[in-house]
*Asks:* 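Below is a structure I'd like to ask you about.
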Number of protein chains: 2
Amino acid sequence: MGKRIFSKFLKERGKRVTKEREAILQKILSSRGHFDPESLYLKIKEMGLKTSRASVYRTLNLLCECGLIERVKKTEHGTIYEHTSVHEHHDHMLCMECGNIIEFYSETLEKLQEGMCKRQGFQGVSHTLEIRGYCKKCQKKKRT
Amino acid sequence: MGKRIFSKFLKERGKRVTKEREAILQKILSSRGHFDPESLYLKIKEMGLKTSRASVYRTLNLLCECGLIERVKKTEHGTIYEHTSVHEHHDHMLCMECGNIIEFYSETLEKLQEGMCKRQGFQGVSHTLEIRGYCKKCQKKKRT
DNA sequence: TTGAAATTGAGAATCAGTCTCAACAAAATT
DNA sequence: AATTTTGTTGAGACTGATTCTCAATTTCAA
């Protein structure tokens, strides 16, 4: 579970496990899919817990460092995150009409990328693939 | 040539071909590879031409609209652009040590992505693949 | 050449994200 | 348990990229 990992991570670095950090992590773990710092902040406030944007951003950075969450993408409206603990690595299709994100994964695609890296003498660590276009629903809408 | 395309694009929309816009486009076309708005702005000033950040940003947006350049990536230090007129579609490897960008292209990879889209009923329009890791040079440095 | 309409540039405004610092809380020490 | 040490918090200041505002200027069609 994420809590254990985070506590361990914090303690290893002489950092502290605080109510605020726990609240933020809990909120992330309890909601599915992608999220952004601002709505996370608002959700926590809504719950009646006190927090600040500064703490949310600080905690998100810590969670990234310990690998529990990942920065998916920077947009014009800020950064989108997702939690990695739950699901494995995957790539994204982003509908340019409705903003919906479809996750997908292909072993072949991963292997192929490794091959490309080897050919360039590049040591790959991670990657992001985003395919932009139109999802099923929005294609239909367009036709009408 | 890019100038023609840009002029046509501007006229079609009742926009004007100005010295400033021409200077910005020229500077972009005359330099290879990726660029960011701030250094573009500084380069133009350096040449003794007068311009403003506002104009640079405005022109970059126009050039994106008409397809002459593309937003490659948003980073914590701003947006990186590249001009599309010159080279074909390609993907990127980004060295996390030195920031160097390696361009690569794989037909197989493209086909594979098309396949993934089809399987999801997704109509792909464009995509970005970024592999992060360490380039040859930086791998060597690390060993020592 | 002229004038309506678009463009420019300087600086204000905006917005995500970080930093500052005094008040506070957790862990360590007594 | 009380005290000291050290990390954390939150409010708001700050930063840096980008956009907006608006008066002055430039373009271009007639």
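Every chain is numbered from 1 and lettered A, B, ... according to where its sequence line falls, protein lines coming before strand lines. Keep in mind it's a predicted model, so treat the numbers as computed, not measured.
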*Asks:* With a 3.5 Å cut-off and no angle check, do the side chains of Glu114(A) and His127(A) form a donor-acceptor pair?
*Replies:* no
*Asks:* Without decimals, in angstroms, what is the distance between Leu10(A) CG and dA27(C) P?
*Replies:* 11 Å
*Asks:* So if I apply the side chain to side chain contact (heavy atoms under 4.5 Å, CB included) rule between Ile28(A) and each of Ile44(A), Leu68(A), Thr59(A), Leu63(A), which one comes out positive?
*Replies:* Leu63(A)
*Asks:* How are the rings of Phe6(B) and Phe9(B) set relative to one another: parallel (under 30°), tilted (30 to 60°) or perpendicular (over 60°)?
*Replies:* parallel
*Asks:* Report all side-chain donor-acceptor pairs from residues 10-21 of chain A shorter than 3.5 Å, counting only partners two or more places apart or in another chain.
*Replies:*
{"unit_1": "Arg13(A)", "atom_1": "NH1", "unit_2": "Glu65(A)", "atom_2": "OE1", "d": "3.4"}
{"unit_1": "Thr18(A)", "atom_1": "OG1", "unit_2": "Arg21(A)", "atom_2": "N", "d": "3.2"}
{"unit_1": "Arg21(A)", "atom_1": "NH1", "unit_2": "Arg16(A)", "atom_2": "O", "d": "2.7"}

*Asks:* Using only side-chain N and O atoms of Ser52(A), determine if any of them is under 4.0 Å from OP1 or OP2 of dA11(D).
*Replies:* no
*Asks:* For Lys15(B) and for Lys45(A), locate the closest nucleotide of DNA chain D by heavy-atom distance; then report the residue assigned to the nucleotide nearer the 5' terminus.
*Replies:* Lys45(A)
*Asks:* Please name all residues satisfying side chain to side chain contact (heavy atoms under 4.5 Å, CB included) with Ser39(A), sequence neighbours left out, ordered by chain then number.
*Replies:* Asp36(A)
*Asks:* Is the shortest distance from a Lys or Arg side-chain nitrogen in Arg53(B) or Glu38(B) to a carboxylate oxygen in the other one below 4.0 Å?
*Replies:* yes
*Asks:* With the threshold set at under 4.0 Å for non-hydrogen atoms, list the residues of residues 57-65 of chain B touching DNA chain D in residue-number order.
*Replies:* Tyr57(B), Arg58(B), Asn61(B)
*Asks:* With sequence neighbours excluded, what pairs up with Ser31(B) under the side-chain hydrogen bond (donor to acceptor under 3.5 Å, both in side chains) test?
*Replies:* none
*Asks:* For Tyr41(A) and dG12(D), give me the distance from atom OH to atom C1', rounded to whole Å.
*Replies:* 12 Å
*Asks:* My understanding is that only residues two or more places apart in sequence, or in another chain, count here; which of them pass side-chain hydrogen bond (donor to acceptor under 3.5 Å, both in side chains) with Glu130(A)?
*Replies:* Lys73(A), Arg132(A)
*Asks:* Between His89(B) and Glu110(B), is any side-chain donor less than 3.5 angstrom from a side-chain acceptor?
*Replies:* yes
*Asks:* Is any side-chain nitrogen or oxygen of Thr51(A) closer than 4.0 Å to OP1 or OP2 of dG10(D)?
*Replies:* yes
*Asks:* Under 4.0 Å: is that the gap between some side-chain N or O of Thr79(A) and OP1 or OP2 of dG17(C)?
*Replies:* yes
*Asks:* Give every pair of a protein N or O atom and an N or O atom of nucleotides 24-26 of chain C that lie under 3.5 Å apart, one pair per line with the distance.
*Replies:*
{"unit_1": "dA26(C)", "atom_1": "N3", "unit_2": "Arg16(A)", "atom_2": "NH1", "d": "3.3"}

*Asks:* Would you kindly compare Arg71(B) and Arg21(A) by the position of their nearest DNA chain D nucleotide and give the one closer to the 5′ end?
*Replies:* Arg21(A)
*Asks:* Atom CD of Glu20(A) to atom P of dG7(D): distance rounded to whole Å?
*Replies:* 17 Å
